[in-house]
*Asks:* 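Have a look at this one.
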2 protein chains.
Amino acid sequence: MSSTDLLPIGEVAKTSGISVSAVRYYEEIGVISSATRVGGKRRFDPATIGRVSFIRRAQEAGFSLEEIGTILDDETGIWRVLVDDKLIELTERKDRLETMISMLAEIRECGCGAVAACPLVTTS
Amino acid sequence: MSSTDLLPIGEVAKTSGISVSAVRYYEEIGVISSATRVGGKRRFDPATIGRVSFIRRAQEAGFSLEEIGTILDDETGIWRVLVDDKLIELTERKDRLETMISMLAEIRECGCGAVAACPLVTTS
DNA sequence: CTACGACCTCAAGCCAACTTGAGGTCAAGG
DNA sequence: CCTTGACCTCAAGTTGGCTTGAGGTCGTAG
């Protein structure tokens with residue numbers, strides 16, 4: 001493992017599609033591990049890329065950075081419980097999303113001039 | 001329509017399950033219509049209840065209050081376009097959610113000690 | 001009389017997740 | 001030699017969606 005495979009912050013940012021400041025922020029709050037410094041500058045383990053990608057997808061799914069940190073770094077196996085809980089939550093969310101989608105589709109087709117006046121809205 | 005069927009703020013809050021301050025906030029930003037005042041106190045149209053319920057579900061689905069306001073009050077029919085866009089977005093979100101759900105389920109079962117070390121995370 | 005509860009206004013505070021700004025180091029290039 | 005660009009730190013600002021606090025008005029009940 002020569003130091004040449006360690007990435008500068010700009011590289012991490014670019015390849016994972018987030019800003020440099022966001023990478024620094026992630027490091028600061030500990031959701032990615034603290035980079036080694038070479039002449040004061042951060043050098044990241046390439047695995048950071050995968051980790052950031054996981055973080056983004058988890059955020060997409062509605063996890064907070066704190067939850068993500070907990071899940072990623074847990075050594076005790078408790079994370080499985082957290083994930084179970086989250087799976088339930090996500091499934092419920094998915095269901096509500098589906099309900100909303102079909103409701104919107106219905107409203108879309110109902111011929112109302114304005115949504116505010118639609119009986120599907122006022123009587124729910 | 002006697003003034004007796006107009007609701008005080010506490011009633012709106014209680015029956016729609018949100019706080020009094022949230023109702024005031026909604027009125028302030030215009031996402032529910034400004035209540036008439038009787039002796040300085042707000043009296044709301046009962047339809048507000050349905051509207052608030054729609055607002056909450058829309059928020060659940062990921063709409064911002066600004067978007068909700070736009071959709072609710074549009075008179076021009078443009079809201080159908082907005083809803084179309086949102087339907088696409090929601091569907092994409094639902095798909096990502098499903099992906100995340102199965103990924104988490106997979107990680108849950110993969111026998112790793114820690115998520116951070118799971119190849120499903122590091123190689124994505 | 002006074003205390004209570006429901007209401008009012010206006011300003012400020014809070015949280016997450018970042019971004020922005022000021023001010024500085026360092027190496028490479030024209 | 002001077003500029004440019006990538007990096008650094010630390011503090012403060014931003015946005016959305018509310019909540020909280022201070023200070024005040026009513027009307028009813030004890």
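Below, chain A is the first sequence line, B the second, and so on; all start at residue 1.
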*Asks:* Whole Å only: how far is the NZ atom of Lys41(B) from the C1' atom of dT9(C)?
*Replies:* 13 Å
*Asks:* Take atom CZ of Phe63(B) and atom C1' of dG17(D), then tell me their distance rounded to the nearest Å.
*Replies:* 17 Å
*Asks:* Mind listing the closest non-hydrogen atom pair of Asp5(A) and Pro46(A) along with its distance?
*Replies:* O-CG, 3.0 Å
*Asks:* To the nearest Å, how far apart are Ile68(A) CD1 and dA17(C) C1'?
*Replies:* 11 Å
*Asks:* Rounding to an integer number of Å, can you tell me how far Arg37(A) CZ sits from dC8(D) P?
*Replies:* 7 Å
*Asks:* Between the main-chain N or O of Ile55(A) and the side-chain N or O of Arg57(A), is there a donor-acceptor pair closer than 3.5 Å?
*Replies:* no
*Asks:* Are Ile29(A) and Val52(A) joined in one hydrophobic group, where the rule is that I, L, V, M, F, W and Y side chains link up if heavy atoms are under 4.5 Å apart?
*Replies:* yes
*Asks:* Given dG17(D), dC7(D), dC7(C), identify the nucleotide with an atom nearest to the side chain of Gln59(B).
*Replies:* dG17(D)
*Asks:* Going by an N to O cut-off under 4.0 Å, is there a salt bridge joining Arg51(A) and Glu27(A)?
*Replies:* no
*Asks:* With sugar-phosphate meaning primed atoms plus P, OP1 and OP2, does Ile9(A) contact a base, only sugar-phosphate, or nothing at under 4.0 Å between heavy atoms?
*Replies:* sugar-phosphate
*Asks:* Counting only non-hydrogen atoms, which of residues 21-28 of chain A are less than 4.0 Å from DNA chain C?
*Replies:* Ser21(A), Ala22(A), Tyr25(A), Tyr26(A)
*Asks:* Starting the side chain at C-beta, find the nucleotide from dC18(D), dC8(D), dG16(D) nearest to Glu66(B).
*Replies:* dG16(D)
*Asks:* Using modelled atom types only, decide if a donor and an acceptor are shared between the side chain of Thr99(B) and the backbone of Asp95(B) within a distance under 3.5 Å.
*Replies:* yes
*Asks:* Hey, is the main chain of Val12(B) close enough, under 3.5 Å, to the side chain of Ser16(B) for a donor-acceptor pair?
*Replies:* yes
*Asks:* Just N and O in the side chain of Arg56(A): are any of them under 4.0 Å from OP1 or OP2 of dC18(C)?
*Replies:* yes
*Asks:* Kindly point out which of dA17(C), dC18(D), dT9(C) is positioned nearest to the side chain of Leu65(B)?
*Replies:* dC18(D)
*Asks:* Counting only side-chain N and O atoms of Arg43(B), is one of them less than 4.0 Å from OP1 or OP2 of dC8(C)?
*Replies:* no
*Asks:* Nearest to the side chain of Arg42(A), heavy atoms from C-beta on, is which of dC8(C), dC7(D), dT9(D)?
*Replies:* dT9(D)
*Asks:* Starting from C1' on dG5(C), measure out to CD on Glu11(B) and report it in whole angstrom.
*Replies:* 15 Å
*Asks:* Specify the closest pair of heavy atoms between Leu65(B) and Val31(B), including all atoms of both residues, with the distance to one decimal.
*Replies:* O-CG2, 3.8 Å
*Asks:* Nearest-Å distance, CD1 (Ile29(B)) to P (dG16(D))?
*Replies:* 10 Å
*Asks:* Can you tell me if the side-chain N/O atoms of Ser19(B) get under 4.0 Å from OP1 or OP2 in dC18(D)?
*Replies:* no
*Asks:* Would you mind reading off the distance between Lys14(A) atom NZ and dA6(D) atom P, rounded to a whole angstrom?
*Replies:* 9 Å
